[in-house]
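Accompanying notes for the structure given below.
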Amino acid sequence: MPRYNPAEIEPRWQAYWEQERTFSTAELPQGEKRYLLDMFPYPSGSGLHVGHPEGYTATDIVARFSRMRGKSVLHPMGFDAFGLPAEEHAIATGEHPRIQTERNIAEFTRQLKMLGFSYDWERVLSTTDPEYVRWTQWIFLVLHDTWFDPQQKRGRPIHELPIPDRVQAQGADAVERYRAEFRLAYETEAPVNWCDKLGTVLANEEVIDGKSERGGHPVRRIPLRQWMLRITAYAERLLSGLDSLAWPGGIKILQQDWIGRSEGAEVDFFVGGAEDFEAWKRQRQAVGLPEIPEEETLRVYTTRPDTLFGATYMVIAPEHPAVPRLTTAETADVVNRYCQAAAFKSERERTQGDRTKTGVFSGSYAMNPVNGQKIPIWVADYVLASYGTGAIMAVPAHDERDFEFARQFDIPIVAVVEPLPQAENREQILAGEACFAGVGRAISSGRYDGQPTAQVKQLIVQDLSAGGLGRKAINYKLRDWLFSRQRFWGEPFPILHELDPQGQPTGVTRAVPETDLPVELPELKDFRPHGRPEPMLEKAADEWLFVELEGRRYKRETNTMPQWAGSCWYYLRYIDPRNSQALVDPAKEQAWMPIDLYVGGAEHAVLHLLYARFWHKVLFDRGYVSHDEPFQRLVNQGMILGEAELTAYQTESGTFISPSDVRRGEQGLTTAAGQAVLPVAVDESQVIKQGDGLVLADRTEIRVESRSFKMSKSRGNVVNPDDVVRDYGADSLRLYEMFMGPLEATKPWSMAGVGGVRNFLDRSWRMIVQQDAADVVLAQEIVDQQCDSDQARVLHRTIRRVTEDIENLSFNTAIARMMEFVNFFTRQRSRPRAAMQAYVLLLSPFAPHVAEELWRTLGGKTTLAYEPWPTWDEAALIESTLEIPLQINGKLRAKIVVAANSSREELQQAALQQPRIQAELSGKQIVKTIVVPGRLVNFVAK
RNA sequence: GCCGAAGUGGCGGAAUUGGCAGACGCGCUGGAUUCAAAAUCCAGUGCCCGCAAGGGCGUGUGGGUUCGAGUCCCACCUUCGGUACCA
């Protein structure tokens, strides 16, 4: 009987591991440690899909491999369990989100356990656990209690913030307000993306094309009191910290671009009238550049101070505080209307679409500090209030956006940078008819003329600084992080707002005392939004909402934290998941951190990783963790696409045409002649291969397209791991996920491929287990004797390659090596037991269940999880003879078998003896001979 | 537009980093076994010409470097992913 039967083997070994606590991890590592982390999943109602086990299997292989190499391994799993779907479910059904969340977690847990991952399940956590929420809130209070010291470039306790005397003199409330301006967690009135339909505010990343990511409902911008995190203070550290990390280059670049550092200058333009300009300049010369510009100046940020002489107008953002000041009686109406319209549009609407620039003249003029030229000030929404100073000097000759705007509104264009002589459309650029954003030499720029751009930049900034008119400046695209949501299903903020005797807020806030954490969510009977922009928790009963503390009355903060909060620090909690005294014990933290390998999807390349790094740096500055960066090595697993789909194209009249004859235009798919074309799904049986492609079997001149698509419910190509495990077993699923291709690559699913690796496991089984016995007994070929030299070579080569491939995360090739091993040994009449045991150990990280079973059959008494990893013997790898290719003029002409250690001369002689080579060379002259010992011989002949 | 990744048989993918292109798997073809099928085993399988021996061509396209290029350099094309006026 005993065929390989995963349905019986797998649950049995899973139960064994659980009962024996095989993978429970010691509190502290002994010897070398490995912290191997998966990005934890959101437990959605649809369960695991086959994308999840891809990364999970990769880290599990490394975890099992590392244990066998004697490392202490921390390999945990948990759940990112706050999130909108559970709340939407609650709104629809009235069921508390916690109930559905727990059900989903139970289902995920079942599925994860079914796949045999060697997680330490005793450390499992969920971001929704009250004990976890407690420490999320605690970290928020750390952020609230921290300011960033720009001198020391680090976060420090708020009580260390120097308070200016003038503030101190105004009393405690003034001091508190002053501090609030510096805290890393602060409140502000911010324009937010409000969605009427969802009844909630959305983060920018949750808004796609002016619509909500979830549901596609319209979104508009309204101002609302928000919690923000001052991540911008850490921009420089977040940028420079990337250098030391072993991350994919592309991800680092994404983060760099997101942070968006630029160097330039801030320049003040005088807007107080031409007659006072000289006086203003003299005054600036005397007192220097003020920290905050006076009312009669407009401060701009530019990365091209060298083009200052080409500034022909200025633009301020519609939200700029100077807008009313710069508006005149005549322009007031137009400007007001323009600003209001801009405010109503979402950031997305303002920055996308037709791209035709809009704007209105403010009515005022500014004086260019370098040449005293009077230039108009416009209000336009192509300038963002949230970047730089919210105002720009516009140099249409050397900035595409300004150029477009100037063309539209007939504003002069003056070239002040001369391109290199060979530049194309140089004449047009100099005539102000084309835009040139590159570098060159200064022209029409007074005493700077003739100097290269880089030098002019430097000189102008120097001169501006000396005159008190400007200074060097650095800016970042990164914005502060909008950290509050108006939903129910999130962590409450541990913040209290003080009330006066009339029940009105006094504006003073305080933190909930640490001993009162966690602040749990209030009980609600009804989860439907109240439809106002205010947070959901406003619906809470008064007993929750109002708090008395030390004789004062407070109202609780009713915003909740975004889903990011829990995922920003979960990797720390795994280290010490039950600690009730601290988020993590410092000794354990120091022992296990940093994370040696972090595997997850590229969709978290920017936000999750940036936010988590930010929190980590704050915790580091405040002394709660021992490293500056949490994720030493990062790998992004590739996306798994659906099974390849065959498509043929058919015109309306039913004629099939080849894909190359299909045009993709505004009308959709058409023929070259304009006739509509429809894609038709084709079955594999209707298709044959021909030449370099596939064609219809009965119409071989018609080509068929083969493509894979993202898995989606709507396309119906989602693969469910439960089905795969039922039909093939978990070991086959794991193996297939790794065999498909490189971990980082996007690759299509193929059920036939799963069958292929299942076949390999069957063969592995039959190599060791007797086929027609009643019980699981060893195959007759298994012998207790030494490998012969061929067997030893195959064995040791396999050990070496599998070991090196795992170290390089090259799992697909590791599996190919094991397949070669099985192909070789199934053909051997005698198979040494030791070789079989070594093989089973190599297989075990990939297919742990069948490996355990085979290990036991081969005489193992307990789990193989801590058996020493096999080592290879270099001596066994050496081959006595080699086949060497012989080339003439780089073309392969013959092969010879020679002793492996043949010298250069011996090789050349043997090659010249070879009959075919002799024949080819006769009548020719050998110009050159290349001999690479162990590799090849190449004759260059004429 | 910009940034990133990638283009190798019918398909998924290998190739010690400049040295026999196509490992391994799927699929397909033929054979053994079987009453038959499944399963299993054996052999073959880049394309073209040829009965064969053999020959020619071949890693997205075009050029280059080299005795030798999938791999290095230059230009371009295509696909996928990300991003959007950041001064």
Side-chain angles (χ1 to χ4, degrees), chain A residues 3 248-251 253-254 256-258 260 262 264 300-304 307 315 348 350-352 355 357 380-384 386-389 391-395 398-402 404-405 437 475-479 602-603 605-606 636 638-639 641 644 684 687-695 706-708 710 736 739-742 744-757 759-760 762-763 766 771 801 804 810 812-820 823 826-827 883-892 895 927-930 932 934-941:
Chain A
R3 295 256 286 267
I251 302 298
I253 289 169
L254 274 175
Q256 276 166 22
D257 290 351
W258 190 265
S262 70
V300 303
Y301 171 72
T302 176
T303 53
R304 292 296 299 270
T307 61
V315 183
R348 192 62 183 228
R350 275 173 58 169
T351 57
Q352 67 140 195
R355 286 183 163 228
K357 298 213 167 13
D381 66 5
Y382 82 91
V383 169
L384 307 174
S386 47
Y387 182 77
T389 61
I392 63 158
M393 65 169 197
V395 185
H398 304 294
D399 182 285
E400 294 284 354
R401 299 149 301 183
D402 298 344
E404 199 191 313
F405 189 85
N475 253 299
Y476 302 92
K477 284 202 247 179
L478 185 70
R479 307 297 157 78
E603 65 273 21
V606 177
N636 284 127
M639 202 194 323
L641 304 174
E684 216 178 322
V687 162
I688 56 166
K689 73 166 172 171
Q690 188 187 73
D692 58 351
L694 295 166
V695 295
S706 172
R707 250 196 82 183
S708 299
K710 223 173 177 163
Y736 178 65
F739 189 60
M740 293 169 86
E744 296 93 331
T746 302
K747 41 209 178 272
W749 187 266
S750 155
M751 233 20 131
V754 186
V757 294
N759 193 31
F760 158 66
D762 278 317
R763 282 163 62 80
R766 287 197 302 268
Q771 273 321 276
R801 285 174 162 178
E804 290 175 352
S810 179
N812 54 331
T813 52
I815 294 165
R817 300 311 160 212
M818 291 189 283
M819 288 173 168
E820 286 176 320
N823 288 345
T826 40
R827 256 169 274 189
E883 194 185 47
I884 297 288
L886 307 180
Q887 299 180 335
I888 291 174
N889 294 334
K891 294 201 182 209
L892 180 72
K895 293 178 180 182
V927 182
K928 194 173 176 184
T929 305
I930 295 106
V932 184
R935 269 278 125 79
L936 53 43
V937 181
N938 183 18
F939 296 104
V940 185

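A, B, ... follow the sequence lines: proteins, then strands. Residue 1 opens every chain.
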Table of protein N/O atoms under 3.5 Å from nucleotides 37-40 of chain B N/O atoms:
| unit_1 | atom_1 | unit_2 | atom_2 | d |
| --- | --- | --- | --- | --- |
| B:U40 | OP1 | A:N759 | OD1 | 2.8 |
| B:U40 | O3' | A:R766 | NH2 | 3.3 |

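- A:D399 places a side-chain N or O within 3.5 Å of a backbone atom of A:D402 that can act as its donor or acceptor partner.
- Using a 4.0 Å heavy-atom distance criterion, A:S262 is classed as a sugar-phosphate-only contact.
- Considering OG1 of A:T302 and CE of A:M393, their distance stands at 3.5 Å, rounded to 0.5 Å.
- Under the 30°/60° scheme for interplanar angles, the aromatic rings of A:Y301 and A:Y387 are found to stand perpendicular.
- Contact annotation for A:N823: backbone-only contact, meaning every heavy-atom pair under 4.0 Å involves sugar-phosphate atoms and none involves a base.
- Residue contacts for A:P742: at a heavy-atom cut-off of 4.0 Å it reaches the sugar-phosphate backbone alone, with no base atom in range.
- Atom CD1 of A:I251 and atom CD of A:Q256 lie 11.5 Å apart (nearest 0.5 Å).
- Nearest nucleotide to the A:L254 side chain, out of B:C3, B:G82, B:G12: B:G82.
- In this entry the distance linking CG of A:D381 with C1' of B:C85 reads 10 Å, nearest Å.
- A distance of about 43 Å separates the P atoms of B:G68 and B:G82, rounded to the whole Å.
- A distance of about 12 Å separates the C1' atoms of B:G12 and B:U8, rounded to the whole Å.
- The cationic group of A:K357 does not satisfy the cation-pi geometry with A:F405, failing either the under 6.0 Å distance to the six-membered ring centre or the 45° limit from the ring axis.
- Judged by distance alone, the side chain of A:R304 and the main-chain N or O of A:A437 form a donor-acceptor pair under 3.5 Å.
- Looking at heavy atoms from C-beta onward, A:Y736 lies in side-chain contact with A:S750 at the 4.5 angstrom threshold.
- A donor-acceptor contact shorter than 3.5 Å is absent between the side chain of A:K891 and the backbone of A:N889.
- In terms of position on RNA chain B, the residue among A:I392 and A:G250 whose nearest nucleotide sits closer to the 5' end is A:G250.
- Atom pair A:N889:CG and B:G68:P shows a separation of 8 Å (rounding to whole Å applied).
- Base pairing of B:U83: its partner is B:G1, meeting the Watson-Crick or G-U wobble criterion (both donor-acceptor distances under 3.5 Å).
- Of the candidates B:G13, B:G25, B:C3, the closest approach to any side-chain atom of A:N812 belongs to B:G13.
- Straight-line distance from the CG atom of A:L641 to the P atom of B:U79: 16 Å, rounded to whole Å.
- Atom OG1 of residue A:T746 and atom NZ of residue A:K710 lie 9.5 Å apart, to the nearest 0.5 angstrom.
- The nucleotide B:U65 finds no pairing partner, because no Watson-Crick or G-U wobble arrangement with both distances shorter than 3.5 Å includes it.
- Of the nucleotides present, none pairs with B:U71 by Watson-Crick or G-U wobble criteria with both distances under 3.5 Å.
- Contact check, A:K747 against B:G12: no side-chain N or O comes under 4.0 Å of OP1 or OP2.
- Taking 4.0 Å as the cut-off between side-chain N and carboxylate O, A:E804 and A:R801 do not count as a salt-bridged pair.
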- For nucleotides 59-64 of chain B, read 5' to 3', which letter fits each nucleotide if B means a protein heavy atom sits under 4.0 Å from the base, S means only the sugar-phosphate is that close, and - means neither? ------
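- In this structure, A:M819 places its CE atom 13 Å from C1' of B:A14, rounding to the nearest Å.
- Remark: C1' of B:A5 and CE of A:M639 are 12 Å apart, rounded to the nearest angstrom.
- With C1' as the reference atom, B:U16 and B:G70 are 15 Å apart, rounded to whole Å.
- Judged by Watson-Crick or G-U wobble contacts below 3.5 Å, the nucleotide B:U40 has B:A32 as its partner.
- Rounded to a whole angstrom, the distance from the C1' atom of B:C76 to that of B:A23 is 32 Å.
- Against the 90° criterion about 0, the sugar-base torsion of B:U65 places it in the anti range.
- Regarding A:I253, its CD1 atom lies at a distance of 13 Å from the C1' atom of B:C2, rounded to whole Å.
- A:E603 places its CD atom 13 Å from the P atom of B:G81, with the value rounded to the nearest Å.
- In this structure, CD of A:E400 is placed 11 Å from C1' of B:C85, rounded to the nearest angstrom.
- The side chain of A:F739 lies closest to B:C24, out of B:C24, B:C57, B:A87.
- With rounding to the nearest 0.5 Å, the separation of CD in A:E820 from OG1 in A:T813 is 10.0 Å.
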Atom pairs under 3.5 Å: protein N/O with N/O of nucleotides 15-21 of chain B:
| unit_1 | atom_1 | unit_2 | atom_2 | d |
| --- | --- | --- | --- | --- |
| B:U16 | N3 | A:R935 | NH2 | 2.3 |
| B:U16 | O4 | A:R935 | NH2 | 2.8 |
| B:G19 | O2' | A:R935 | NE | 3.3 |
| B:C20 | O2 | A:K895 | NZ | 2.6 |
| B:C20 | N4 | A:E883 | O | 3.4 |

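- Under the Watson-Crick or G-U wobble criterion, with both distances below 3.5 Å, B:A53 has no partner in any strand shown.
- Mapping A:Y736 and A:F939 onto RNA chain B by nearest heavy atom places A:Y736 at the nucleotide closer to the 5' end.
- The same atom, P, is picked in B:G44 and in B:C24; the two are 11 Å apart, to the nearest Å.
- When heavy atoms are screened at a 4.0 angstrom cut-off, A:R827 is found touching the sugar-phosphate backbone but no base atom.
- The NZ atom of A:K477 sits 9.0 Å away from the CH2 atom of A:W258 when rounded to the nearest 0.5 Å.
- B:U59 and B:A14: their C1' atoms are spaced 12 Å apart (whole Å).
- For B:G25, the base adopts the anti conformation, since its glycosidic angle falls more than 90 degrees from zero.
- Atom-to-atom distance recorded for A:F939:CZ and A:K928:NZ is 14.0 Å, nearest 0.5 angstrom.
- With a cut-off of 3.5 Å on both Watson-Crick or G-U wobble distances, the partner of B:C76 is given as B:G60.
- The same atom, C1', is picked in B:C57 and in B:G9; the two are 14 Å apart, to the nearest Å.
- Look at the C1' atom in both B:G13 and B:G27: the space between them is 14 Å, to the nearest Å.
- The partner of B:G13, taking Watson-Crick or G-U wobble pairs whose two distances both stay under 3.5 Å, does not exist in any strand shown.
- Formation of a donor-acceptor pair under 3.5 Å by the A:N938 side chain with backbone atoms of A:G890 is found in this model.
- Checking B:A23 for Watson-Crick or G-U wobble geometry (two distances, each under 3.5 Å) identifies no partner in any strand.
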- Task: Give the C-alpha distance, both sets of side-chain angles, the deciding distance and a yes or no for side chain to side chain contact (heavy atoms under 4.5 Å, CB included) between A:N823 and A:F760.
- Result: CA-CA 9 Å; A:N823 288 345; A:F760 158 66; over 6 Å; no
